[in-house]
Amino acid sequence: MNDSLLTRIWIFYRDGFREMTLGRTLWTIILIKLFIMFFILKLFFFPSFLGGTTTEEKQQYVGEELIERANP
């Protein structure tokens, strides 16, 4: 038993994931939902309106917004 702790943990999880039946389906659903949330929704609901600006213009915009929101 010269296996390190990390090797034993890796083998434990590897064998556990191999034996899953319902778990694989659930993990697939979770990964699909994460893909939809972070990639698809970002494209449609969070456009990059500072995309065509220079670094100085971005800094100016962020500074103005911070000052405006700090002083209502």
Pair Thr28-Thr25, side chain to side chain donor-acceptor pair (under 3.5 Å): steps then yes or no
CA-CA 5 Å; Thr28 304; Thr25 306; over 6 Å; no
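- How far OG1 of Thr21 is from CG of Leu26: 9.5 Å, rounded to the nearest 0.5 Å.
- Put simply, Phe46 and Phe38 are part of the same group of oily side chains (I, L, V, M, F, W, Y) that touch within less than 4.5 Å, one to the next.
- Contact between Met37 and Leu41 at its shortest, heavy atoms only, is O-CB, 3.5 Å.
- For the pair Arg18 and Arg24, the tightest heavy-atom approach, listed with the atom from each and the gap, is O-NH2, 3.2 Å.
- Between atom CD1 of residue Ile32 and atom CD1 of residue Ile40 there is a gap of 11.5 Å, rounded to the nearest 0.5 Å.
- Atom CD in Gln59 sits 6.5 Å away from atom OG1 in Thr55 (nearest 0.5 Å).
- Residues forming a side-chain hydrogen bond (donor to acceptor under 3.5 Å, both in side chains) with Glu65 (at least two apart in sequence, or on another chain): Arg69.
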Report the C-alpha separation of Gln60 and Glu56 in whole Å, then their side-chain angles, then the decisive distance to 0.1 Å, and conclude whether the side chain to side chain donor-acceptor pair (under 3.5 Å) test is met.
CA-CA 6 Å; Gln60 182 68 28; Glu56 290 79 20; over 6 Å; no
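- Residues satisfying the ring pair (Phe, Tyr, Trp, His ring centres under 6.0 Å) criterion with Phe39, sequence neighbours excluded, are Phe35.
- Minimum heavy-atom separation, Thr53 to Lys58: OG1-CG, 3.2 Å.
- A single hydrophobic cluster is seen to contain both Phe12 and Met20, as judged by linkage of ILVMFWY side chains at heavy-atom distances under 4.5 Å, directly or through other members.
- Interatomic distance, Leu6 CG to Ile11 CD1, rounded to the nearest 0.5 Å: 11.0 Å.
- Taking OG1 of Thr7 as the start and CZ of Arg14 as the end, the distance is 10.0 Å to the nearest 0.5 Å.
- Not one N or O on the side chain of Glu64 forms a donor-acceptor pair closer than 3.5 Å with the backbone of Tyr61.
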